[in-house]
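All heavy atoms count here, side chains included; hydrogens, waters and symmetry mates do not. Since the structure is predicted, the reported quantities are computational estimates derived from the model, not experimental observations. In each ligand, atom 1 is the first atom listed, and ligand 1 is the first ligand listed.
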Amino acid sequence: MRASFTIACITIASLFTSAQERKSPNTVTVIRAGTLIDGKSDSPRRNQLIVIRGNRIESIGDDAAAKVPPDATVVDLSKATVLPGLIDSHTHIFLQGEDPAEGGYDVNILKYPASLRAARATVSVRRALEQGFTTLRDVETEGAGYGDVGIKQAIEGGYIPGPRLFVATRAISTTGGYNLEGYAPELTMPKGAQIIDGPVEARKAAREQLDHGADWIKVYMTHRSWVGKNGELVSQPTLTLDELKAIVDEAHGWGRKVACHAYSGIGLQRALDGGCDSIEHGLQISDAQIAQMVKQGTWYCPTIAVYYTDWAPADTDAGKRDRLRASVHEDSFKKAMKAGVKIVFGTDIGGIPWTQPIAQEFPQMTKLGMSPMDAIHSATSRAADMLDMTGKIGILAPGAYADVIAIAGDPLQNIEELGRVQFVMKDGKVFKNEMH
Ligand SMILES: [Zn+2]
């Protein structure tokens, strides 16, 4: 008994020491950056020295003039391009791009134990970090309840590697407004989102989710979509304005924000009139709606790449809809960009498999006319602004958390270089270094 007691004490003591070491404010790391893109400025700087104390950036200056503190660990990235850790503002760590041939979305909810889904989510977050995404806004667990809160706790506790997570937990939609569907009406099927009808239920759902750890509330304002009589994209609206307003009022009272999935039409209009903070996807946005977004300061997370995958055959109704979605989406993105809507980088990854590169969204944005630097800002300082983390993440500047990545090439010449991240530091700790 005594021996095991001693061992237990030593174990606890060593755990405590390592936890203290992790947070030590005095550990100094210095990064020599050949090219530095800070996430906010319009142009890069050459030969900079980043001094990191603990988990924060202490200073950045010209390498030639700056002094390396005597006890510092030096990381030589003098031949690389150094950027802030990237932010994906639309992910689903509890989805795996389920293949319809293998049962699609439904098997995840009907057949997989929560532990299996959590194990796969653990792999998803690791993949994101490996690719240089040090922050994710994860916009609902698709039937995995509050699993995202647990994964976030596991990352913050140092049990598993992963990005900083902003989680939305269960999401909210209405009766007839979410999967699972198409089963016998006699069966009560589980749903991928929390279903509400009426402003009272809407407010209660928001309160429950906020109480259990939601950083954001995610609302589905449209559900099915199809090609209308005149060849236009039609989307089925879900929540009424009163239902949405109850949620937005509740979330804002807690100092939290509301992300609205909205494709087009009535549902998108209600999202804007109800005070949504961010429009997700926004496939077909009218000129008047774009003006309203500018006026209200609504964020736009377009998630372009995902609408180019898995098109149904061209001669089917679904295939026509898929092609229409992509073409109206391109127009909306271009018009929103021109009007000065605040656009953030988001992929909807999880809706597509986590084996696909997250950075594939960057060339989609630049192909539609966004400059490479603007695309980088959409995944750094602009996303940080949306997350109320201005100056703390998405930027390389004194006082920011030391979330730093590096690539060998120049992303301003070739945006696809962002798909080849070779160095990742999160919160002052090196997670990956393949720079030679
Ligand atoms: Zn999504």
### Message
Looking at every heavy atom in both V344 and P302, which two are closest together, and how far apart are they?
### Response
O-CD, 3.4 Å
#### Entry: Polar contact flag, side-chain donor to acceptor under 3.5 angstrom, Q236-R224
yes
#### Entry: Matching residue for D215 among R137, R256, K152, K257 - test: side chain to side chain donor-acceptor pair (under 3.5 Å)
K152
### Query
What is the total of protein N/O/S atoms that are closer to the Zn ion (ligand 1) than 2.8 Å?
3
### Query
Can you name the residues that form a side chain to side chain contact (heavy atoms under 4.5 Å, CB included) with V75, not counting sequence neighbours?
T29, I31, L77, F423, N433
### Message
So that I can tick it off, tell me whether D374 and R382 are bridged by a salt bridge, with the cut-off set at under 4.0 angstrom between side-chain N and carboxylate O.
### Response
yes
#### Entry: SB check K204 E201 (cutoff 4.0 Å)
no
